[in-house]
Amino acid sequence: MSNARFATIALLAGVLLIVGAQWIQNDYFFNAAYTVLMYVILSTAWNILGGYTGYVNFGTAGFFALGVYSSIVLWKAFHPPLAVMIVVGTLVAALAGVGLGYLTMRLRGHFFAIATLALAIMLFTFVTNWDYAGGARGAYVIVPREVPFGFARYIRYLFSVMVLLSVASIVVARVVERSRLGRGLAAIRDDELAAECAGVPTLKLKLISTALSGGMMGLAGTTFPFFISFVEPVGAFDLRYAVNAIAMPVIGGMTTWLGPLIGAVLLGTVQQLVQVTISSAWNLLIVGLLLVGFVTMAPEGIMGWVFAWRRRRARRS
Amino acid sequence: MSNSERASHAASLAIKDVCAGYGAVQVLRNVSLDVANAQTVALLGTNGNGKSTLMKCIMGMVRPSAGSIIATLDGVDHDLVGMPTEKIVDLGITLVPEGRRLFPRLTVEENLLLGAYRPAARSRIADNLAFCFEAFPRLAERRNQLAGSMSGGEQQMVALARALMTVPKILLIDEPSVGLAPIFVSRTIEKIGELKERYKLTVLMAEQNFNQAIRIADCGHVIVHGHLEFHGRTRAELSDNEMVKKLYLGA
């Protein structure tokens, strides 16, 4: 399927989801769905660097928070339209991604992972001490009274925006995956030295990858202040974003765009269900158990099963 | 593309007084070495003497602390020191890395296509692929197999073919014999000789298997503890040398 065709179908599916969801009466559905979609974007973003390029990023929360805080600052200063905040927050996080790429270009494996963690902690310290953005106290965002495009409630509008942003992220991931860029990234993942020998411009490609991945993580955070209306650093930099953004692609499968989507929808939904039926305290425990289970029994994730099943069927026929 | 077209370039390499190392450890001391156009030069030495480091210096992966590395291509001199690796590959200098280093989770064909990542090679990708499959018929049969699932000898063929996909003028080969069964060592060496003759490549080959390497080398250097200790201008000179006998033949 060509990229244009895939994008059209994905967009249609997104619009159908938005229109169909308006028949749902329970507003809590939109809260839960917002969170799941946020994870769809985060894990798709993580997978571009972690799955395609082979660089494990523990700093998801840092990039996410960059998106969150750029929206807060813009909102306090100018009250711009949501679209402006989405674009600016994404660019800020993408820029941080390029910075991370430059600073860590010689690091691999554990060292890179530790550097990303350090970046998140540095940003956390910075934001905690930045008074204008609320500092350690946190910042309130008053959600606009009038809801755009005739949606019944603001959360329904936010949900619809998130559906479109998820569609965009997935389309970007698929385009990257099937392009020359994607092949170059796969070469870096498999063997960086060999990639260099083959003339793959590894540094340039890694910078593109960190920028795309970081930017999309920021994108996931840009609408977050309007979702929870009160943001404080501990919440914006929560470790569970980083853990989930890794766990979801691992569970879904890291080699295709579909893996993070499946992982995020599955794990995100389970977490939402557990949160309302038992307690949110169980969420990380569930993630941990699933992660251990998948890493030991299905290291290629759910998509790995699908591929193995397809191969078996092809051999039989 | 005809073979003569591939061969119409003159390419040589001049390494002068190169020193290099990692941190405080100095690996290469004043290494000077010339590879003349359409010659095969063997860089002989046992493990840990600096063969791979010299290869990496030429490819811009390790920066020498002193000395110069000049590649002369079609009459134009290019100073390789300080140039990024992808630019060096762009010039037409390619390394077949030690231990083959394929992309194991990609197919044979995808491995080869990655060899043609540089812009100049991309436009002729179909021709080059056909050419590689002609040179290595075995790979044509296995084009859709994952590279990681092939035997060592076949993997070495993929590594050589992947390097040829960049349309090199100067081919650097780091220890082609490593980890191969004796029969594959001799076949690999023969293949390198054949490719070099056919396409008039300029070849610098690092190798510890002395007897195999001198079958195709025009001349050779023996490297000991990061210093070139002996230059044999001919095969006979190399095999007669006392040091070579001591290092390789246990005499």
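Computed from a prediction, not measured in an experiment: that's the story for all the values here. Naming: A, B, ... by sequence-line order, numbering from 1 per chain.
- Interface residues of residues 167-181 of chain A toward chain B, defined by a heavy-atom distance below 4.5 Å and sorted by number: A:Arg180, A:Leu181.
- Residue B:Lys87 does not touch chain A at all, counting heavy-atom pairs closer than 4.5 Å.
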Candidate pair B:Arg162 and A:Cys197, rule side chain to side chain contact (heavy atoms under 4.5 Å, CB included), full reasoning: CA-CA 10 Å; B:Arg162 184 180 63 191; A:Cys197 289; 5.6 Å; no
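- Around OH of B:Tyr22, the count of heavy atoms belonging to other residues, nucleotides or ligands within 6.0 Å exceeds 12.
- Annotation for A:Phe112: atom CZ counts as buried by contact number, over 12 foreign heavy atoms lying within 6.0 Å.
- Annotation: B:Gln39, atom CD; neighbour count of heavy atoms from other residues, nucleotides and ligands within 6.0 Å is above 12.
- Residues from residues 95-115 of chain B that place a non-hydrogen atom less than 4.5 Å from a non-hydrogen atom of chain A comprise B:Leu95, B:Pro97, B:Arg101, B:Leu102, B:Phe103, B:Pro104, B:Arg105, B:Leu106, B:Leu113, B:Leu114, B:Gly115, given in numerical order.
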Working for side chain to side chain contact (heavy atoms under 4.5 Å, CB included), residues A:Leu193 and B:Lys56: CA-CA 10 Å; A:Leu193 182 114; B:Lys56 285 181 180 163; 4.0 Å; yes
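- Note on B:Ile93, B:Val89, B:Asp90, B:Thr94: by heavy-atom pairs under 4.5 Å with chain A, the leading option is B:Val89.
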